[in-house]
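Here the structure is laid out as structure tokens; the discussion comes afterwards.
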Amino acid sequence: MSSTMVRSEIPEFEMEAYDSSTGHYTTVSSNDYIGKLGEICFYSADFTFVFPTEISAMNAKYDEFQKMGVEILPVSVDSKFSHKRFVETEPVLAGLKLTMDADRTPQVSRDFGV
């Protein structure tokens, strides 16, 4: 697989997720993003040192991304339950608007070449 997927169609997927803007669990799929631009950020695990700041930085620009029609999808192999707890307990994630995707199998990561 190429090292970049810029301007490529994404592989089909379906994952459980935690929607931090609503506080509810949900399911997301590649079909939700047909005809949209997306920034997919794979990270290794919740509760790690660096990743809360990176997710927080993307969240800080969320409204700008939305104005450009770009969806932001943070993905890790953690469960939707872990994502919820991570958002609830990590101070820099207060006010998070992103949906945290849970690639539990990690098939989605493999399909994207991660």
Side-chain angles (χ1 to χ4, degrees):
M1 176 171 280
S2 170
S3 63
T4 181
M5 294 188 73
V6 174
R7 300 187 64 110
S8 298
E9 289 188 29
I10 60 174
E12 290 185 21
F13 66 83
E14 183 173 288
M15 292 180 279
E16 293 183 331
Y18 172 65
D19 183 343
S20 62
S21 66
T22 65
H24 294 103
Y25 299 118
T26 187
T27 301
V28 296
S29 79
S30 51
N31 291 333
D32 298 331
Y33 303 99
I34 293 174
K36 297 180 181 179
L37 299 174
E39 170 67 32
I40 302 171
C41 172
F42 290 90
Y43 66 101
S44 59
D46 295 339
F47 303 101
T48 55
F49 177 72
V50 175
F51 297 109
T53 56
E54 292 177 352
I55 293 168
S56 177
M58 287 189 299
N59 189 64
K61 300 290 185 180
Y62 179 78
D63 293 334
E64 291 178 45
F65 277 100
Q66 290 289 285
K67 287 178 187 173
M68 294 185 292
V70 177
E71 297 293 330
I72 302 172
L73 307 168
V75 179
S76 83
V77 296
D78 292 302
S79 72
K80 61 185 179 183
F81 307 109
S82 178
H83 291 332
K84 181 179 189 298
R85 189 71 175 143
F86 185 40
V87 171
E88 290 174 342
T89 60
E90 179 56 56
V92 300
L93 297 181
L96 192 71
K97 301 173 186 175
L98 305 175
T99 298
M100 310 285 287
D101 300 318
D103 183 18
R104 297 296 297 149
T105 64
Q107 186 60 50
V108 176
S109 298
R110 280 190 217 100
D111 291 347
F112 276 87
V114 176

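Fair warning: this is a prediction, and the values are worked out from it, not measured in the lab. All residue numbers in this chain count up from 1 along the given sequence.
With hydrogens and angles left out, the side-chain atoms of Asp19 and Thr26 include no donor and acceptor closer than 3.5 Å.
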Could you go through the side-chain contact (heavy atoms from CB on, under 4.5 Å) check for Glu90 and Ser56 one step at a time? CA-CA 10 Å; Glu90 179 56 56; Ser56 177; over 6 Å; no
Verdict with supporting geometry, Lys84 and Tyr25, side-chain contact (heavy atoms from CB on, under 4.5 Å): CA-CA 9 Å; Lys84 181 179 189 298; Tyr25 299 118; 3.0 Å; yes
Steps toward side-chain contact (heavy atoms from CB on, under 4.5 Å) verdict (Asp78, Phe47): CA-CA 10 Å; Asp78 292 302; Phe47 303 101; over 6 Å; no
Could you go through the side-chain contact (heavy atoms from CB on, under 4.5 Å) check for Ile10 and Ile40 one step at a time? CA-CA 10 Å; Ile10 60 174; Ile40 302 171; 4.2 Å; yes
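Paired with Tyr62 under the rule side-chain contact (heavy atoms from CB on, under 4.5 Å), one option of Leu98, Leu96, Val70 passes, and it is Leu98.
Residues Ser79 and Ala102 approach most closely at C-CB, 3.8 Å, considering heavy atoms. Considering every non-hydrogen atom in both Lys80 and Tyr18, the closest pair reads O-CB, 3.7 Å.
Pairs of residues two or more places apart, or lying in two chains, that qualify as side chain to side chain donor-acceptor pair (under 3.5 Å) and include a residue from residues 96-105 are Asp63-Lys97, Asp103-Ser109.
Atom CD of Glu39 sits about 10.0 Å away from atom CE of Met68, to the nearest 0.5 Å. Between the CZ atom in Phe86 and the OG1 atom in Thr48 there is a gap of 5.5 Å [rounded to 0.5 Å]. Going from atom CG of Leu93 over to atom CD of Glu88 covers 11.0 Å, rounded to the nearest 0.5 Å. Considering NE2 of His83 and CD1 of Ile55, their distance stands at 8.0 Å, rounded to 0.5 Å. With rounding to the nearest 0.5 Å, the separation of OH in Tyr43 from CD in Glu54 is 11.0 Å.
Each of Leu73 and Val77 belongs to its own hydrophobic cluster when Ile, Leu, Val, Met, Phe, Trp and Tyr are linked at side-chain heavy-atom distances under 4.5 angstrom.
The main-chain N or O of Phe13 is found under 3.5 Å from a side-chain atom of Ser30 such that the two form a donor-acceptor pair.
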